[in-house]
Amino acid sequence: MSEALLDIQVNRKDFGQTRVLQNVKVRLHPGEVVSLLGPSGCGKSTLLRIIAGLEQDYSGELQQSTDQVAFVFQEPRLMPWLSVARNVGFHDDTAFDAAWVAQLLDEVGLGGFAQALPKQLSGGMAQRVAIARGLYSRPRVLLLDEPFSAVDAFTRMKLQDLLLDLAKRHDIALLMVTHDIDEALYLSDRVLIMGNRPSHVRLELAVELAHPRDRRDPLLATLKAESLTELHQAQVF
Ligand SMILES: Nc1ncnc2c1ncn2[C@@H]1O[C@H](COP(=O)(O)OP(=O)(O)OP(=O)(O)O)[C@@H](O)[C@H]1O
Ligand SMILES: [Mg+2]
């Protein structure tokens with residue numbers, strides 16, 4: 001397989017007396033889509049923050065063959081006083097690339113909203129802006145922390161397809177945290193299942209189905225049953 005874009009080994013991550021992560025290993029190859037599934041509080045966001053370099057107090061090793069990593073958060077985190085276009089390119093005010101912003105807004109289906117303010121957007125539209133902002137810096141890896149958890153089920157399915165489409169078009173690997181087993185299996189090449197603290201990757205499921213996938217594919221149902229069994233054994237529910 002090609003060289004990994006990122007390879008993280010967290011031996012230990014503690015917050016005070018609490019050990020959150022122990023012996024967690026994650027690799028991500030170019031173009032791959034990998035999901036992290038696990039109970040609330042098991043350290044998924046912490047792991048993404050470590051990978052993004054936002055959290056440096058841990059024991060372990062992070063190897064990256066690219067520094068082109070971007071982050072999409074659970075909430076869109078848009079600046080309410082900035083236009084949609086400025087929100088997409090705001091971190092680069094000196095070299096605001098209007099043509100690139102316009103292309104990205106087109107690609108996320110918001111071509112007509114460049115000058116709108118965030119308050120004029122629905123939740124799903126705001127998250128589209130957040131995705132466009134994530135793509136603005138031309139990352140090779142996009143980290144997403146429950147990016148669709150605040151939108152309704154149908155919008156969510158549309159956004160999932162949009163995300164896959166964008167990742168393929170721009171050759172970006174995705175590492176995504178989600179609580180939604182169906183979402184993880186539908187999107188991912190591999191699903192990593194974590195247990196309760198101190199957590200590690202208990203099971204790695206390969207989803208060997210080409211894209212575009214059929215959400216009703218029986219293999220997805222089989223893998224969902226396997227995931228549920230593992231999560232139950234991990235006493236997640
Ligand atoms: N800055 C912090 N200081 C102290 N404890 C923290 C901090 N950030 C996270 N924690 C603790 O670490 C644990 C893991 O938190 P984290 O946010 O990574 O979990 P998570 O798996 O993303 O949960 P959720 O699914 O609810 O988002 C939790 O017990 C949390 O309270
Ligand atoms: Mg979290």
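One is the number of the first residue; the rest follow in order along the sequence.
- Taken from CD in Glu226 to OG1 in Thr229, the straight-line distance is 7.5 Å, to the nearest 0.5 Å.
- Asp152 has its side chain within reach of Thr155: a pair of non-hydrogen atoms, C-beta onward, lies under 4.5 Å apart.
- No side-chain heavy atom of Leu143 sits less than 4.5 Å from a side-chain heavy atom of Val72.
- Neither Leu47 nor Leu187 shares a network with the other; the hydrophobic side chains, linked directly or stepwise wherever heavy atoms of I, L, V, M, F, W or Y lie under 4.5 Å apart, form separate groups for each.
- Across every non-hydrogen atom of Leu82 and Leu117, the tightest pair is O-CD2, 3.6 Å.
- Two different hydrophobic clusters hold Met176 and Leu54 under the rule that ILVMFWY side chains link at heavy-atom gaps under 4.5 Å.
- In this structure, OG1 on Thr66 lies 10.5 Å from CD on Glu3, to the nearest 0.5 angstrom.
- Contact between Tyr58 and Leu62 at its shortest, heavy atoms only, is OH-CB, 3.5 Å.
- Looking at Arg12 and Arg19, their side chains come closer than 4.5 Å, going by heavy atoms from C-beta outward.
- Nearest heavy-atom pair across Ala184 and Leu37 is CB-CD1, 4.3 Å.
- Between Glu32 and Arg190, some side-chain heavy-atom pair lies under the 4.5 Å cut-off.
- Looking at Gln63 and Glu61, their side chains do bring a donor and an acceptor atom within 3.5 Å of each other.
- Partners of Glu55 under the side chain to side chain contact (heavy atoms under 4.5 Å, CB included) rule, at least two apart in sequence or in another chain, are Lys13, Phe15, Arg49, Ile50, Asp57.
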Go through the steps to decide whether Lys224 and Asp182 satisfy the test side-chain contact (heavy atoms from CB on, under 4.5 Å), and finish with yes or no.
-> CA-CA 7 Å; Lys224 182 173 186 180; Asp182 296 305; 3.0 Å; yes
Residues Glu107, His170; criterion side-chain hydrogen bond (donor to acceptor under 3.5 Å, both in side chains); working and verdict = CA-CA 11 Å; Glu107 288 183 9; His170 297 288; 2.6 Å; yes
Could you go through the side-chain hydrogen bond (donor to acceptor under 3.5 Å, both in side chains) check for Asn11 and Gln9 one step at a time?
-> CA-CA 6 Å; Asn11 301 327; Gln9 164 79 41; 3.1 Å; yes
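- With a 4.5 Å cut-off on side-chain heavy atoms, Val191 and Val34 do not count as touching.
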Output, in order, the C-alpha distance, side-chain angles, deciding distance and verdict of salt bridge (charged side-chain N to carboxylate O under 4.0 Å, His left out) for Asp161 and Arg215.
-> CA-CA 11 Å; Asp161 287 329; Arg215 292 176 189 273; 3.7 Å; yes
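- Note that the CZ atom of Phe148 and the CG atom of Leu162 stand 7.5 Å from one another [nearest 0.5 Å].
- Taking the charged nitrogens against the carboxylate oxygens, Arg169 and Asp165 do have a contact shorter than 4.0 Å, which makes a salt bridge.
- Phe237 places a side-chain heavy atom less than 4.5 Å from the side chain of Leu228.
- Put simply, Leu175 and Val207 are part of two different groups of oily side chains (I, L, V, M, F, W, Y) that touch within less than 4.5 Å, one to the next.
- Electrostatic pairing of Asp145 and Lys44 does not count as a salt bridge here, judged by no charged N lying under 4.0 Å from a carboxylate O.
- Asp14 places no side-chain N or O within 3.5 Å of a backbone atom of Gly16 that could act as its donor or acceptor partner.
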Can you list the steps and then say if Leu166 with Ile131 is a side-chain contact (heavy atoms from CB on, under 4.5 Å)?
-> CA-CA 9 Å; Leu166 292 166; Ile131 291 171; 3.8 Å; yes
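- If you chain together hydrophobic residues whose side chains sit under 4.5 Å apart, Val177 and Val141 fall into the same group.
- Considering every non-hydrogen atom in both Ser227 and Leu205, the closest pair reads OG-CD1, 3.2 Å.
- Judged as a salt bridge (charged side-chain N to carboxylate O under 4.0 Å, His left out), and not counting sequence neighbours, the contacts of Arg156 are Asp180, Glu183.
- Side-chain atoms of Arg213 come within 3.5 Å of backbone N or O of Leu209 as a donor-acceptor pair.
- Residue pairs meeting the side chain to side chain donor-acceptor pair (under 3.5 Å) criterion with at least one partner in residues 112-129, sequence neighbours excluded, are absent.
- With hydrogens and angles disregarded, no donor-acceptor distance shorter than 3.5 Å links the side chain of Asp189 to the backbone of Glu208.
- Annotation: cation-pi pair Arg133/Tyr136 absent, no NZ/CZ under 6.0 Å from the ring centroid and within 45° of its normal.
- Between Phe113 and Val108, the closest side-chain pair of non-hydrogen atoms is not below 4.5 Å.
- Taken from CZ in Arg140 to CG in Leu142, the straight-line distance is 13.0 Å, to the nearest 0.5 Å.
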Please assess Ile193 against Val201 for the test side-chain contact (heavy atoms from CB on, under 4.5 Å), listing each intermediate value before the final yes or no.
-> CA-CA 6 Å; Ile193 297 181; Val201 177; over 6 Å; no
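- In this structure a side-chain-to-backbone donor-acceptor pair under 3.5 Å is missing from Ser188 to Leu185.
- Note: the hydrophobic cluster containing Leu105 also contains Leu159 (ILVMFWY, side chain heavy atoms under 4.5 Å, direct or indirect links).
- Scanning all heavy atoms of the two residues, the minimum distance from Ala4 to Arg27 falls at CB-NH2, 3.7 Å.
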Residues Asp7, Lys25; criterion side-chain contact (heavy atoms from CB on, under 4.5 Å); working and verdict | CA-CA 7 Å; Asp7 193 341; Lys25 189 170 172 52; 3.3 Å; yes
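- Under the 30°/60° scheme for interplanar angles, the aromatic rings of His211 and Tyr186 are found to stand perpendicular.
- Between atom CG of residue Asp67 and atom CG of residue Leu5 there is a gap of 11.5 Å, rounded to the nearest 0.5 Å.
- Judged by the 6.0 Å and 45° rule, Arg86 forms no cation-pi pair with Trp81.
- Taking the side chain as every heavy atom from C-beta outward, Leu48 and Ser45 never approach each other to under 4.5 Å.
- Remark: Ile181 CD1 to Ser35 OG distance equals 11.5 Å, nearest 0.5 Å.
- Residue Cys42 comes nearest to Leu21 through the heavy atom pair O-CD2, 3.6 Å, listed as atom of the first residue, atom of the second, then distance.
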